[in-house]
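Inspection log for the structure reproduced underneath, given as structure tokens.
Small disclaimer: the values here were computed from a predicted structure and weren't measured. The analysis underlying the following values was restricted to heavy atoms, covering all of them including side chains, and did not include hydrogens, waters or symmetry mates. Just so you know, residue 1 is the first one in the sequence shown, and it goes up from there.
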Amino acid sequence: MDKKNFSRPIDIKNIKVTDSFWHSFQETVRREVIPYQWEALNDRVEGAAPSFCMHNFRAAARLMAEKKSQPDFQEPAYAYRGFETLPQDSGHPEPDKFYGFVFQDSDFYKWVEAAAYSLSSHPDKELEATVDEAIDLVCAAQHDTGYLDTYYILNGMDCAFTNLKDHHELYCLGHLVEAAVAYYQATGKDKLLGAACRYADYVDSRFGPEPGKRKGYPGHEIAEMALVRLYQATGEEKYLKLGKFFVDERGASPNYFLVEDRERAAREGRPAPGEDIASYSYYQADRPVREQEEAVGHAVRAGYLYSGMADVARLTQDEELFTACRRLWDEIVREKLYITGGVGGTVHGEAFSYPFDLPNDTAYSETCAAIALAFFARRMLEAEPKGEYGDVMELAMYNTVLSGMALDGRSFFYVNPLEVNPAACHADARLRHVKPVRQPWFGCACCPPNIARIVGSAASYAFTENESTLFTHLYMGAELTARNGLGLTLESRLPWEGWARMTVHTARPGGYTLAFRVPGWCRAPRFIGPEGIGQIQKDGYVYFTGEWKDGDTVTIELPMDIRLMGANPRVREDIGQAAVTCGPFCYCLEQADNGPDLHLCRVDANALGSARAGETIISGQSVSMLELPGFRQELAPAGPLYGEYAPAKESPVTLRFIPYYAWANRGEGEMRVWVRV
């Protein structure tokens, strides 16, 4: 790591997104997703799985009000009751009881964070009032110790922090912090930030390297990077130290999760578990993080952990920790990354599978895992600007992240497969996790609000800066103000056309560097700067340095060729097949354009020069369509199950591909990313 290359995202309030592509998605989030999700959090969406999120906060607030008004009030004693979710047709939960998953609080925090990003660019008094009222409720639910997790507040504080491995209290803290900082930065209001600091202070009083403190860490990571953000927002170094402690302690001996499991077994009168440290790989806790060489376990947890590791490594200049980040990054990209930017190959544990195991029809590829990968990529870019990080961040954001939400913002994917046959999804229990159409909501609803917050903050992935340099990682059209007061306008025709131009606005000439990523998908890029400005290329970025004058421009030409991409031959599922890409997009075949039985289709790799780009309308939006020459195998109406081999009879066809993010917006039908060649 070289400290002079460190950067941070530009404050979203200093960026106006003018990009037609991303602005459209942000408007969908603002107009549709944020109001819709507020209704879902309050269990007012007909046909959707109940959330109980706000119900739990109301119940906890009533309990805390009773405690304050009654000096002899007795708090509930903990008795584990499991995850109690009412049937979908039940509209009468008991008013003082917790329902849903133990991490249900986090759904509200993610919603607040998304609302904050929307308010940063589009002030809305009605939305802000709704958020303020909800924040009042949440703060009323906070325990007088500062603890804030409705599961234990309602079920009994005597067992708080006794099951870090599975009960998500520190995960909820992380999302509370992320929401509180975002809302404070958007509105200047610090009530939720105060609640977050009180909870973080309480956690700091209970956990740490000092004698008498617990040596635990989150079962589901995110507190690590959230505490870094809280440190950056408040300047309080104790939050950075706590985040670093969680990173350093993870997987250390004696293994905290094993100790915790044995203590809980003794308390409940059960036999103590054996010393199976390897089983904690699901939580990335089977060994210290600096010794981890392979991305394992739950893919979302892993991505959040690696993001926190990169943050801590950068801010503490810990070379050993950052070396571990690089090693894990390389292993993911080299062996475990879908061509759509998704990660997590297996439904079992929602986890990374073994190297090169990337099944298409049974893929898990959780939306949140792609979001976590984008988090990790941006933090690697903040530590060292290398084009490979930007390439993967772009791949994830333009493909699997956006695939998780319907174009109308009203339904969502949890799982993002690369091949779908609806008949199989309905008939085969092995595919029960794969949905051929997006769902209105989920009982475990981590993905929808996660999409809303990353789309709302997309500009912070496009641009980062330090005192001397502004980095453009994604070519997102925007008007922005750099830290030194320099005004900049990026006009962009991406992602549909490979052209962009950055214009400088300044009242007086000044020295500064503008750095632009060279996309890995572009074979022949051209960067044209003004005379007198130096130009060098390094690590996948082109740097322009010199005295900028008002009106100076840098023009970027990025030819977008239609490409057939093959997989490493170790990926057995993709042998003899190709994926179609163009610019940042991966494309797919869909039944709506090509008819059923997509497995009978084959691309003519020798006629790629005849491919054509056009557009189609899906859900009222103009979407790119690529037409490639190919063949369709003839399907005999009847015949034996087996027969002597003979070359297949084929007919020439034009195959129509749409961007992967846009599939499943025209009803139920087949889909394929990988196609025979």
Side-chain angles (χ1 to χ4, degrees), residues 7 9-34 114-124 127 182 185-186 374 378 390 393-394 397-398 401-402 405 407 409 451-465 470-507 512 514-517 519 527-529 544 548 550-558 560 583-585 615 620-624 659 661-662:
S7 66
I10 294 181
D11 188 332
I12 289 177
K13 294 178 77 172
N14 293 331
I15 304 175
K16 178 183 178 182
V17 175
T18 58
D19 182 278
S20 60
F21 182 80
W22 283 103
H23 181 70
S24 172
F25 279 101
Q26 290 182 338
E27 281 295 284
T28 297
V29 166
R30 181 179 72 84
R31 294 181 178 181
E32 301 292 342
V33 180
I34 290 174
Y117 297 138
S118 178
L119 290 169
S120 294
S121 57
H122 196 285
D124 182 327
L127 173 60
Q185 291 174 339
R378 193 191 76 186
M393 182 172 73
E394 179 183 64
M397 290 184 66
Y398 279 85
V401 170
L402 292 182
M405 180 177 72
L407 294 177
I451 298 167
R453 70 188 185 118
I454 195 172
V455 168
S457 61
S460 67
Y461 296 81
F463 308 100
T464 63
E465 65 176 342
L470 182 134
F471 296 91
T472 297
H473 307 299
L474 305 176
Y475 290 96
M476 181 184 300
E479 298 171 2
L480 55 150
T481 303
R483 184 179 301 178
N484 65 355
L486 194 71
L488 298 155
T489 299
L490 181 64
E491 304 167 74
S492 177
R493 297 176 189 164
L494 276 84
W496 310 122
E497 297 179 50
W499 180 91
R501 180 171 61 203
M502 183 76 87
T503 302
V504 174
H505 310 287
T506 180
Y512 199 61
L514 300 179
F516 301 89
R517 181 175 64 90
F527 292 80
I528 307 161
F544 291 89
W548 297 90
D550 187 56
D552 280 347
T553 63
V554 176
T555 300
I556 301 108
E557 297 176 357
L558 304 170
M560 295 171 55
F585 291 126
E615 65 178 44
Q621 296 189 26
S622 176
V623 171
S624 168
Y661 80 84

Discussion item. Is there a side chain to side chain contact (heavy atoms under 4.5 Å, CB included) between Leu488 and Glu479? Walk through the geometry before answering.
Written reply: CA-CA 6 Å; Leu488 298 155; Glu479 298 171 2; over 6 Å; no
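- Taking OG1 from Thr481 and CD from Glu465, the interatomic distance works out to 9.5 Å, rounded to the nearest 0.5 Å.
- Residues Arg378 and Thr464 bring no donor and acceptor atom of their side chains to less than 3.5 Å of each other.
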Discussion item. Side chain to side chain contact (heavy atoms under 4.5 Å, CB included) for Val29 and Ser118? Distances and angles first, verdict last.
Written reply: CA-CA 8 Å; Val29 166; Ser118 178; 5.8 Å; no
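- At a threshold of 4.5 Å between non-hydrogen side-chain atoms, the residues Leu514 and Leu470 count as touching.
- A donor-acceptor pair under 3.5 Å is formed between the side chain of Trp548 and the backbone N or O of Tyr512.
- In terms of heavy-atom proximity, Ser622 sits nearest to Trp496 at O-CZ2, 4.3 Å.
- No close placement of the Tyr475 and Trp22 rings is indicated, their centers lying 6.0 Å or farther apart.
- With a 4.5 Å cut-off on side-chain heavy atoms, Ser624 and Phe585 do not count as touching.
- Proximity of Ile556 to Thr472: side-chain heavy atoms (C-beta onward) are nowhere separated by under 4.5 Å.
- Between the NZ atom in Lys16 and the NE2 atom in His122 there is a gap of 10.5 Å [rounded to 0.5 Å].
- The shortest non-hydrogen separation linking Ala374 to Met397 is CB-CG, 4.0 Å.
- Atom-to-atom distance recorded for Ile528:CD1 and Glu557:CD is 4.5 Å, nearest 0.5 angstrom.
- A 4.5 Å side-chain heavy-atom check between Arg30 and Leu127 finds every atom pair outside the cut-off.
- Put simply, the side chain of Phe21 reaches to within 4.5 Å of the side chain of Leu402, judged on heavy atoms.
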Item to complete: Could you give me the CA-CA distance, side-chain angles and deciding distance for Met502 and Phe544, then say whether side chain to side chain contact (heavy atoms under 4.5 Å, CB included) is met?
Response: CA-CA 11 Å; Met502 183 76 87; Phe544 291 89; over 6 Å; no
Item to complete: Would you sort out whether Trp499 and Thr555 count as a side chain to side chain contact (heavy atoms under 4.5 Å, CB included), showing the intermediate values?
Response: CA-CA 8 Å; Trp499 180 91; Thr555 300; 3.7 Å; yes
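- Rounded to the nearest 0.5 angstrom, Met393 CE and Tyr398 OH are separated by 9.5 Å.
- Taking the six-membered ring for Trp and thresholds of 30 and 60 degrees, Phe527 and Phe516 have ring planes inclined between 30 and 60 degrees apart.
- Between Leu474 and Arg517, some side-chain heavy-atom pair lies under the 4.5 Å cut-off.
- Here the closest non-hydrogen pair linking Met476 and Ser492 is C-CB, 4.5 Å.
- Closest approach of Glu491 to Thr503, counting heavy atoms only: OE2-OG1, 4.1 Å.
- Side-chain atoms of Gln26 come within 3.5 Å of backbone atoms of Val455 as a donor-acceptor pair (strictly under, hydrogens ignored).
- Going from atom CG of Asn484 over to atom OG1 of Thr506 covers 8.0 Å, rounded to the nearest 0.5 Å.
- Scanning both residues, Ala114 and Ile34, for their nearest heavy atoms gives O-CD1, 3.8 Å.
- From Ser460, atom OG reaches atom CD1 of Ile15 across 7.5 Å, with rounding to the nearest 0.5 Å.
- Asp550 places a side-chain heavy atom less than 4.5 Å from the side chain of His505.
- The shortest distance between side-chain heavy atoms of Leu486 and Val504 falls below 4.5 Å.
- Across Val33 and Gly409, no two heavy atoms sit closer than the pair CG2-O, 3.5 Å.
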